[in-house]
Each structure stands twice: as structure tokens, then as C-alpha cells.
There are 2 protein chains.
Amino acid sequence: MKKEKILIVDDEPDILEIVGYNLKKEGYTVFTANNGKESIKIAKKENPDLIILDVMMPEMDGMETCYQMRNISSLKDTLIAFLSARGEDYSQIAGFDAGADDYITKPVKPRVLVSKVKAILRRKGGTTSEEKDVEVGEIAIDRERYIIKKKGKEINLPKKEFELLSLLMSKPGRVYTREVIMNTIWGGEVVVGDRTIDVHIRKLREKLGDKYIKTVKGVGYKFEA
Amino acid sequence: MKKEKILIVDDEPDILEIVGYNLKKEGYTVFTANNGKESIKIAKKENPDLIILDVMMPEMDGMETCYQMRNISSLKDTLIAFLSARGEDYSQIAGFDAGADDYITKPVKPRVLVSKVKAILRRKGGTTSEEKDVEVGEIAIDRERYIIKKKGKEINLPKKEFELLSLLMSKPGRVYTREVIMNTIWGGEVVVGDRTIDVHIRKLREKLGDKYIKTVKGVGYKFEA
DNA sequence: AGCCTTTATTAATTAATTGTTAATCTTGAA
DNA sequence: TTCAAGATTAACAATTAATTAATAAAGGCT
């Protein structure tokens, strides 16, 4: 479900690491670049959903980078957030309409960062990949109607089961660790036991048949035809 | 198995006790200190895996303590989590600048605490080098799906075997000593006998065929086409 | 509101898989 | 040829997941 791509651009490796780490933990796919030029190359290739762009960078600064990105048609739906130190001259940034969608201030606080990123992406809503329905073999998912189909026959799933299946199917074959599942479906704050996941998995298997969801012991679960 | 060392630092004995008790119950080895100075002394001596540091302390506060700890080379890999009252001004903490890896909020709820600590420590283990997929001759590795392929045919490997093969294949031809293998796959904490590696190697050879993994007697093992 | 139904979570038990060790055998380098 | 390093095997231990049933929480409906 939450497999949005995020590109982080900063010249300080430390920042890349902590921001990247915290977002990865939440299940996002993270790319990093340490200068404007590189970031544009990656952005073109990966088409991220969100780009977090440090304002202060040597050579090509964040605003310039942003400006160039905005002229790339494939990136016209991409969100861009500026990363800037508190107290840096806001007026200049704000005044210059480079097309940023939001601001994040340093020093970066993990919780704040994560919830902000979630908020930004939520705002974007419905668009791209996130909401794309998947169909794998006999199982199809309809996120809009919140139902799934098995061989064309509709099956109703409770919320948690639906989201779990949704996550697993969002990239068939890929193993999702319990940690990622937890963070994605329950969020960082809620704490539920490990067995809870098992039980939901079991219910899914009951309804879909055993062959789809596979256990990778010691690692996690994956969906496979 | 779970014998990670945790150092808890707080000026309130109550907190030390409740946190310490709950972590001991989970099998961790717990040390306590009631001020920054003492905590640094203990940290140097015991080299804990995780330090839980109260932000608000008389004399040397959590941030200052954290900062000093970060300058001690033996504590480079130690995780530090801040303990702070919910609602305390986060911006004042500027946690990541001082090098904290996570936050825990008071009041401490045992279950939340324990699972959070587990998560933090698990993370540490998982951080070890994000290796990329390789393909050598007839054998290909797919870390995302957690499978390997031999001539396109998928083979499922248990975790340890997968990681072992993964390591050997990460640089084909290179010999990995037992020591390196141990440290990479089991980590410094766990101690297992030498034969254990042999057994895993054997299982791999059974599944892949003998020709890929070569023994370099007196030195280690290597993967070769 | 109170009742009923569905969904979510937990706890306790069982089952399966995976990991480790110990004991013995084999091999190859000095 | 000798002998330490490694291979092999099977027994055993530990870990992890599956299952079941019970309980709690949420939602719907008169």
C-alpha cells in the first residue's frame, strides 16, 4: 500500500542518512542524491512521488534545482518539499515561487518528519501508483470499492485484512517484514503483538486459499501466484 | 540469546526501576546510572548496545551527555534513545543533532517500551550493509523476494543459509574467513561454534551443487563459478 | 441507549522449521 | 604419514509461525 518513492537531496550525508533511515522504516522506497545535478538524473529515472530538497547546497541550490525539475514534464505531478534550517532566510525562499509544495525545517525530528511526509503524500491523494489496483493471477484488488475479487467473485474483507493484502500485493513476490507491515498498517505509535499479524494472515488465507500468501520464516510474508 | 546490554540513565530512581525491571524481564542485561557523568563511565566500561537517556537531568542533561558519548569512539555503534516527557518542547531537544537514534516518551508504558526497545535493537542488526543483488554464472540472488535462482529455477533458502550465500556472492572469488562470516551473519554478540558454519555450507552445497562454494583450507570459503 | 454483529487483538498451545552441537569420519598439506 | 582442518550425519535445541479460542472494541440498527 505505502510504497511511495521519495528522493532526498542534500549535500550532507548525515542528513541523507537520518532522513532516509526514518522514511525507509516507514516502508517508503528511498533514493538519495547529494547534489542538484544528480538529483535531477535520479528524479527523471525513478519518478518519485516526493522530492525532499535541501535549500542550501553548493553549486546548484535547492531553488534552482526545483525550478529545473518543474520544467520536466514527467515530474509535473511530483511533490517537492524544501528542507531548510530554521532561521534561514525564509523570505527569500517564500518569495521565490519555485514551486515547492511544503517546507520541512532542520533540525529534523523523526516523528515530525514522518508525519509531515505522510501528510504531504496524503494531500496528493488518489493520483499515481499508490492507488493503482493490482491483479495477480486470480486475485484482483479494487481499492476504490474496498473489495477484492477471486476469479471474478467478489469477496469482502475487513479493513485490516484488506490493507494487509493490499500491501502484500502492491509488489507481488516482495517479502514484507513484520516491521514494515506494522509500520505501514498500524503506524509507529500503535503497538500490537506479533501474533496479530499471523492471525490476519490466517484469515486471509482462509478466504483466498493457502497458496497465495507465503511465509518466509525469520523474515516476513509475501504474496505470490 | 537475547543478552543485549542496555544502560538506563535517569535521575529519578522510580524510572530506573520500572524501566529496568521491564527490560530485565525480557532478558536484557540492564545497567543504570542516575546522572550523566556516571553514565559515561559505565558506558565506557560496559559498551552497551543501547543507552536510554533521560533528557531532563540536573547538572549534565541528556543532550550534553549524548553529545559527549558520541565523541567516544568505542560508542560509535551504540544506539542512544532519549527519554522525555510527552509534550516537552521537542524543538529544544533537537535530538538528532546530538545523535539520538530514537525517542521514548514518558509516562513509560511497559509494553510500549519493550516493543520499542526491541524495534530499535532489531533495526541495529538490520542496518548492516544494504547489499545489492548479484548474479554469478547460473546463480542469481534476489534479496527483495528472498529467493535465489539456479538456471532460472527458484530455490528457497532458510535465513542463515540465504545470508551466508549472500555474503559469499557479494564478492565472488573473494575468500571470506570464518571470523568475517561469523561477524557478518551472527554479529559480535552471538557465539556459535565453528562447525555451525560448516553445516550451513554443506546445506548450501546440497542445494546448489558442490561446484560453487569452495573451501580454502585454513583460510575460509569463497564463491566461484 | 442497548443489543447484536462484525472485526481486532491477545493469550495459550501446538506444530513446523531452522539452527546448533557433538561425535565421527575424511582429506589434503606439510 | 600424520594430523589438524574441514565434512558429514543425525540428534537435539531454539526460534518462529500456525492455530484456536476467548475477549475486547467498534459499528450498525431498532
Side-chain angles (χ1 to χ4, degrees), chain A residues 146-148 155-168 175-179 181-182 184-187 189-222, chain B residues 1-4 26-27 109-112 114-115 118 121-122 125-126 146-147 155-168 175-179 181-182 184-187 189-222:
Chain A
Y146 231 80
I147 55 170
I148 65 154
I155 302 176
N156 241 310
L157 293 184
K159 196 165 152 232
K160 284 277 186 294
E161 285 167 44
F162 185 88
E163 286 177 359
L164 177 52
L165 179 64
S166 210
L167 173 64
L168 294 179
V175 179
Y176 289 87
T177 65
R178 294 181 119 86
E179 199 186 342
I181 292 172
M182 283 284 300
T184 310
I185 295 180
W186 280 267
E189 296 299 313
V190 189
V191 178
V192 293
D194 266 6
R195 297 302 116 234
T196 301
I197 294 176
D198 299 32
V199 173
H200 285 298
I201 290 283
R202 179 179 155 277
K203 286 180 184 161
L204 279 174
R205 295 213 254 234
E206 266 174 9
K207 287 166 190 168
L208 304 179
D210 286 349
K211 60 180 172 180
Y212 298 105
I213 298 170
K214 290 189 181 152
T215 303
V216 183
K217 237 183 166 170
V219 187
Y221 295 95
K222 64 177 167 179
Chain B
M1 176 100 212
K2 189 196 304 151
K3 55 175 186 192
E4 285 112 326
E26 288 295 314
K109 289 192 213 111
R111 269 240 298 286
V112 179
V114 167
S115 69
K118 277 184 186 162
L121 287 170
R122 196 181 319 130
Y146 226 83
I147 53 168
I155 302 177
N156 256 310
L157 295 183
K159 204 168 155 219
K160 284 275 187 295
E161 285 166 45
F162 186 88
E163 286 175 2
L164 177 52
L165 179 64
S166 214
L167 173 64
L168 293 179
V175 181
Y176 288 88
T177 65
R178 282 164 187 282
E179 199 191 339
I181 293 172
M182 282 287 297
T184 311
I185 295 180
W186 279 267
E189 301 292 309
V190 190
V191 178
V192 293
D194 263 9
R195 294 306 114 230
T196 300
I197 294 176
D198 299 31
V199 173
H200 284 300
I201 291 282
R202 181 184 152 274
K203 286 180 183 163
L204 279 175
R205 295 212 255 234
E206 264 175 11
K207 287 166 189 167
L208 303 180
D210 286 350
K211 60 180 171 179
Y212 297 106
I213 297 170
K214 292 189 180 150
T215 303
V216 182
K217 223 175 174 177
V219 188
Y221 296 95
K222 66 176 169 177

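Proteins come first, then strands; the chains are lettered A, B, ... in the order of their sequence lines, and each starts at number 1.
- Shown here are the ring-ring contact (aromatic ring centres under 6.0 Å, His included) partners of A:Tyr221, two or more places apart in sequence or in another chain: there are none.
- The shortest heavy-atom contact between B:Tyr146 and A:Val216 is CD2-CG1, 3.8 Å.
- Residue whose closest nucleotide on DNA chain D sits further toward the 5' end, between A:Asp198 and A:Arg202: A:Asp198.
- Proximity note for A:Val199 (side chain, C-beta onward) versus D:dA18, D:dT20, D:dT8: the nearest is D:dT20.
- Within residues 203-218 of chain B, the residues that have a heavy atom under 4.0 Å from DNA chain D are, in order of number, B:Arg205, B:Thr215, B:Lys217, B:Gly218.
- Residues passing the side chain to side chain donor-acceptor pair (under 3.5 Å) test with A:Thr215 are A:Arg205, sequence neighbours excluded.
- At its two ends the helix from C:dA1-D:dT30 to C:dA30-D:dT1 runs along axes set 30° apart, each axis drawn from five pairs and the angle rounded to 10°.
- In this structure, B:Asp194 places its CG atom 18 Å from P of C:dG19, rounding to the nearest Å.
- Here the C1' atom of nucleotide D:dT9 and the CD1 atom of B:Ile201 are 17 Å apart, to the nearest Å.
- Considering every non-hydrogen atom in both A:Lys160 and A:Ile185, the closest pair reads CD-CG2, 3.6 Å.
- The phosphate of D:dT19 has neither OP1 nor OP2 within less than 4.0 Å of any side-chain N or O from A:Arg195.
- Here B:His200 does not reach the OP1 or OP2 of C:dT18: none of its side-chain N or O atoms lies under 4.0 Å away.
- Note: NZ (A:Lys160) to P (D:dA24) measures 19 Å, nearest angstrom.
- Distance A:Phe162 CZ to C:dT6 C1': 18 Å, rounded to the nearest Å.
- Across all strands shown, B:Tyr221 has heavy atoms under 4.0 Å from sugar-phosphate atoms exclusively, and none from any base.
- Spacing between atom CD1 of A:Ile197 and atom P of C:dA8 amounts to 14 Å, rounded to whole angstrom units.
- Distance, B:Trp186 CH2 to C:dT20 P: 6 Å, rounded to whole Å.
- Between the P atom of C:dA8 and the CD1 atom of A:Ile185 lies a distance of 11 Å, rounded to the nearest Å.
- Checked by atom type and distance alone, the side chain of A:Arg178 never pairs as donor or acceptor with a backbone atom of A:Ile197 at under 3.5 Å.
- Contact between A:Phe162 and A:Ile148 at its shortest, heavy atoms only, is CE1-CG2, 3.8 Å.
- With sequence neighbours excluded, no residue forms a side chain to side chain donor-acceptor pair (under 3.5 Å) with B:Lys211.
- B:Leu164 and B:His200 get closest at one heavy-atom pair: CD2-CB, 3.6 Å.
- Atoms CG (B:Asn156) and P (C:dA16) sit 18 Å apart, rounded to a whole Å.
- Every residue two or more places apart in sequence or in another chain was checked for a side chain to side chain donor-acceptor pair (under 3.5 Å) with B:Lys159, and none qualifies.
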